[in-house]
Asker: 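Dumping the structure here so I can ask a few things about it.
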Amino acid sequence: MRLAYVQLALGLFQADLAVKHEIEQLPEEHEERMLPGGFAGIRRLRNRGAIGGRGEGHMPRIVRLSGAVTAGVACLFLRELAGPGRHMRKTGFALLLGGALSNLYERCRKGYVVDYIRFHSPWKRLNRYVFNLSDFFILIGAVLIFLGGKGHSRR
């Protein structure tokens, strides 16, 4: 069963890189293609910083920081796998690690992360950001880890 969580993390890593590869084939970086319903669009963006492009021009520092955080998440994931039960937390760590590895890999390999999902919502602040699948894996993973730990103490 533990192997399934590792396979999940690696599968998400590979799936996200495959989607990013397809997005990179789009012709124009600033052209947006609306998805049905108009709630979101696909817009290829090469993020040369961290969240929202912050820290652009400081990729070596961003790589070191995200590498350290990803290594810490990997250690916590392995620790969680060693224990019984707590399937929600294990799934959360698999999602978090898969997403973090994908973004870290791109930063190291290309010097940027491909972002491509932009929302059109009443929240103007949200509309400024462009995301990728890894960002959603990280967010959902963090929520599952939090919810999986609610009401449980490690003794």
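Just so you know, these numbers come straight off a predicted model, no measurement behind them. Index from 1, following the sequence.
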Asker: Could you tell me the separation between the CG atom of L101 and the CG atom of L97, rounded to the nearest 0.5 Å?
Answerer: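 Reported value, rounded in 0.5 Å steps: 4.0 Å.
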Asker: Taking C-beta and beyond as the side chain, do F77 and V6 meet within less than 4.5 Å on heavy atoms?
Answerer: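 They are in contact (side-chain heavy atoms under 4.5 Å apart), so the answer is yes.
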Asker: Can a donor-acceptor pair be found, under 3.5 Å and without considering hydrogens, that links the side chain of R2 to the backbone of L81?
Answerer: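 Such a contact is found between R2 side chain and L81 backbone.
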Asker: Would L76 and L104 show up in the same hydrophobic cluster when neighbours are defined by side-chain heavy atoms closer than 4.5 Å?
Answerer: no
Asker: Could you tell me which non-hydrogen atom of G148 sits nearest to which non-hydrogen atom of M88, and how far apart they are?
Answerer: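 Here G148 and M88 meet closest at N-SD, 3.5 Å.
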Asker: How long is the span from the NE2 atom in H58 to the CZ atom in R64, to the nearest 0.5 Å?
Answerer: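 These two atoms lie 11.5 Å from each other.
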Asker: Does the side chain of R44 come within less than 4.5 Å of D115's, by heavy atoms?
Answerer: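 A side-chain contact is absent here, since even the closest heavy-atom pair is not under 4.5 Å.
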Asker: Identify the two heavy atoms, one from F119 and one from A40, that lie closest to each other, and give their separation to 0.1 Å.
Answerer: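 Result for this residue pair: CD2-CB, 4.0 Å.
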Asker: Would S102 and Q14 count as a side chain to side chain contact (heavy atoms under 4.5 Å, CB included) if you check the C-alpha gap in whole Å, the side-chain angles of each, and the deciding distance to 0.1 Å?
Answerer: CA-CA 8 Å; S102 179; Q14 290 176 318; over 6 Å; no
Asker: Where do V130 and N47 land on the side chain to side chain contact (heavy atoms under 4.5 Å, CB included) test, with the steps shown first?
Answerer: CA-CA 9 Å; V130 183; N47 185 345; over 6 Å; no
Asker: Give me the atom names and distance for the closest heavy-atom approach of Y116 to L133.
Answerer: OH-N, 3.1 Å
Asker: Which donor-acceptor pairs under 3.5 Å do side chains of residues 65-75 form with protein atoms, sequence neighbours excluded?
Answerer:
| residue | atom | partner | partner atom | Å |
| --- | --- | --- | --- | --- |
| S66 | OG | I62 | O | 2.9 |
| S66 | OG | V63 | O | 3.4 |
| T70 | OG1 | S66 | O | 2.7 |

Asker: Within the side chain of Q25, is there an N or O that forms a donor-acceptor pair under 3.5 Å with the backbone of H21?
Answerer: yes
Asker: Give me the atom names and distance for the closest heavy-atom approach of L95 to G141.
Answerer: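 Residues L95 and G141, closest heavy atoms: CB-CA, 3.8 Å.
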Asker: May I ask you to decide whether K90 forms a salt bridge with E80, counting only side-chain N to carboxylate O separations under 4.0 Å?
Answerer: no
Asker: Check whether any side-chain heavy atom of I42 lies under 4.5 Å from a side-chain heavy atom of I23, and answer yes or no.
Answerer: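 Side chain of I42 against side chain of I23, heavy atoms only: contact under 4.5 Å found.
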Asker: Answer yes or no: is there a side-chain heavy-atom contact under 4.5 Å between Y5 and F93?
Answerer: no
Asker: Please list, chain by chain and in numerical order, all residues satisfying side chain to side chain contact (heavy atoms under 4.5 Å, CB included) with L8, sequence neighbours excluded.
Answerer: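 By the side chain to side chain contact (heavy atoms under 4.5 Å, CB included) rule, L8 matches L12, T91, A94.
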Asker: Does H120 have any side chain to side chain contact (heavy atoms under 4.5 Å, CB included) partners at least two apart in sequence or in another chain, and if so, which?
Answerer: E32, M34, R118
Asker: On a heavy-atom basis, which atom in S121 and which in L126 lie closest, and how many Å separate them?
Answerer: OG-CD2, 3.6 Å
Asker: With side chain to side chain contact (heavy atoms under 4.5 Å, CB included) as the criterion, how do R61 and M59 come out once you've worked through the C-alpha distance, each side chain's angles and the decisive distance to 0.1 Å?
Answerer: CA-CA 5 Å; R61 184 178 297 163; M59 190 54 70; over 6 Å; no
Asker: Let me see the working for L96 and I145 under side chain to side chain contact (heavy atoms under 4.5 Å, CB included), right down to the final yes or no.
Answerer: CA-CA 9 Å; L96 185 61; I145 292 165; 3.7 Å; yes
Asker: Return yes if a side-chain donor-acceptor contact under 3.5 Å exists between N103 and D16, otherwise no.
Answerer: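 No pair is found: no donor N or O on one side chain lies under 3.5 Å from an acceptor on the other.
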Asker: At their closest point, which heavy atom of L17 faces which heavy atom of E106, and how far apart are they?
Answerer: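 Smallest heavy-atom distance, with atoms named: CD2-CG, 4.0 Å.
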Asker: For F13 and Y105, take the angle between the two ring planes, folded into 0 to 90°, and tell me which bin it lands in: parallel under 30, tilted 30 to 60, perpendicular over 60.
Answerer: perpendicular
Asker: Under a 4.5 Å side-chain heavy-atom rule over Ile, Leu, Val, Met, Phe, Trp and Tyr, are I117 and V114 clustered together?
Answerer: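 In one cluster with I117: V114, yes.
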Asker: Closer than 4.0 angstrom, basic N to acidic O: yes or no for K110 and E24?
Answerer: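 A salt bridge links K110 with E24.
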Asker: Measure up the F131 and F136 rings against each other and bin them: parallel (under 30°), tilted (30 to 60°), perpendicular (over 60°).
Answerer: tilted
